[in-house]
Amino acid sequence: VAKEKAHEQAKIITLQAMGSTPYFPSDCLRIRFIHPTKRNHDIDNSLASAKAHIDGFSEALKIDDGYFTTMIITKEYQKGVSKMIFEVRQ
């Protein structure tokens, strides 16, 4: 249930962010993980937890997530903030 909810939320947020802007495919996906504490977060666990979000994001763009050949994954700290930011890089 949680994965399905994450998938659907990512899809809706992506569609809202795109609005009527045309999408031009790029094969590079950047994911920024923003954590609310300075505790060390394993980047591989962060990526694994984002799987459903990536699926929803890709579905909103009408592409298969296997289309991305390059991923740039970063992590950062912002007190009290917890989110993932997806960007398709040109």
Side-chain angles (χ1 to χ4, degrees):
V1 173
K3 289 180 183 181
E4 291 147 357
K5 184 176 179 181
H7 176 276
E8 192 61 27
Q9 286 177 336
K11 181 179 175 182
I12 291 168
I13 291 169
T14 301
L15 290 170
Q16 289 173 343
M18 286 175 45
S20 61
T21 305
Y23 170 68
F24 300 101
S26 169
D27 62 354
C28 181
L29 175 63
R30 178 178 181 208
I31 306 173
R32 292 173 49 207
F33 292 98
I34 301 173
H35 300 288
T37 65
K38 291 183 179 180
R39 181 179 71 86
N40 186 29
H41 295 83
D42 289 338
I43 201 105
D44 58 334
N45 290 337
S46 295
L47 180 58
S49 71
K51 174 65 175 134
H53 296 87
I54 294 169
D55 289 343
F57 178 77
S58 300
E59 185 177 326
L61 298 177
K62 295 183 169 66
I63 59 173
D64 183 272
D65 63 351
Y67 174 80
F68 298 112
T69 59
T70 304
M71 282 190 172
I72 300 169
I73 303 167
T74 60
K75 62 180 181 176
E76 57 193 80
Y77 161 74
Q78 286 184 26
K79 186 176 182 176
V81 177
S82 179
K83 62 183 170 182
M84 288 179 249
I85 300 174
F86 292 81
E87 299 173 26
V88 177
R89 308 293 293 203
Q90 296 294 335

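As a basis for the values below, the full set of heavy atoms in this structure was taken, side chains included, without hydrogen atoms, waters or symmetry mates.
To the nearest 0.5 Å, the span separating CD1 on I73 from CG on L47 amounts to 4.0 Å. One finds the NE2 atom of H41 at 12.5 Å from the CD1 atom of I34 (value rounded to the nearest 0.5 Å). Summarising the geometry, atom NZ belonging to K62 is positioned 15.5 Å from atom OH belonging to Y67; distances are rounded to the nearest 0.5 Å. Taken to the nearest 0.5 Å, the CD atom of Q16 stands 12.5 Å off from the NZ atom of K11. Rounding to the nearest 0.5 angstrom, the gap separating the CG atom in N40 from the NE2 atom in H35 is 9.0 Å. The line from CG of L15 to CG of L61 is 8.0 Å long, rounded to the nearest 0.5 Å.
Smallest separation of non-hydrogen atoms from A50 and M84: CB-SD, 3.5 Å. In terms of heavy atoms, A52 sits closest to K3 at CB-O, 3.3 Å.
You'll find the side chain of E87 reaches within 4.5 Å of the side chain of R32, heavy atoms only. For the pair E76/I85, no side-chain contact is recorded, criterion being any heavy-atom separation below 4.5 Å from C-beta on. Within the 4.5 Å cutoff, the side chain of T14 has no heavy atoms near those of the E59 side chain.
Within a 6.0 Å sphere centred on NZ of K75, heavy atoms belonging to other residues, nucleotides or ligands number more than 12.
Under the 4.5 Å side-chain heavy-atom criterion for ILVMFWY residues, no single connected hydrophobic cluster contains both I31 and I13. Following chains of ILVMFWY side-chain contacts shorter than 4.5 Å, one can reach M18 starting from I54, so the two form part of one hydrophobic cluster. Hydrophobic clustering of Ile, Leu, Val, Met, Phe, Trp and Tyr side chains at less than 4.5 Å, counting indirect connections, unites M71 with V88.
Although no hydrogens or angles enter the test, the distance criterion places a donor-acceptor pair under 3.5 Å between the side chain of D64 and the main chain of G66.
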Note to self: Applying side-chain hydrogen bond (donor to acceptor under 3.5 Å, both in side chains) to D65 and S58, what does each step give before you reach the verdict?
What the structure shows: CA-CA 5 Å; D65 63 351; S58 300; 5.2 Å; no
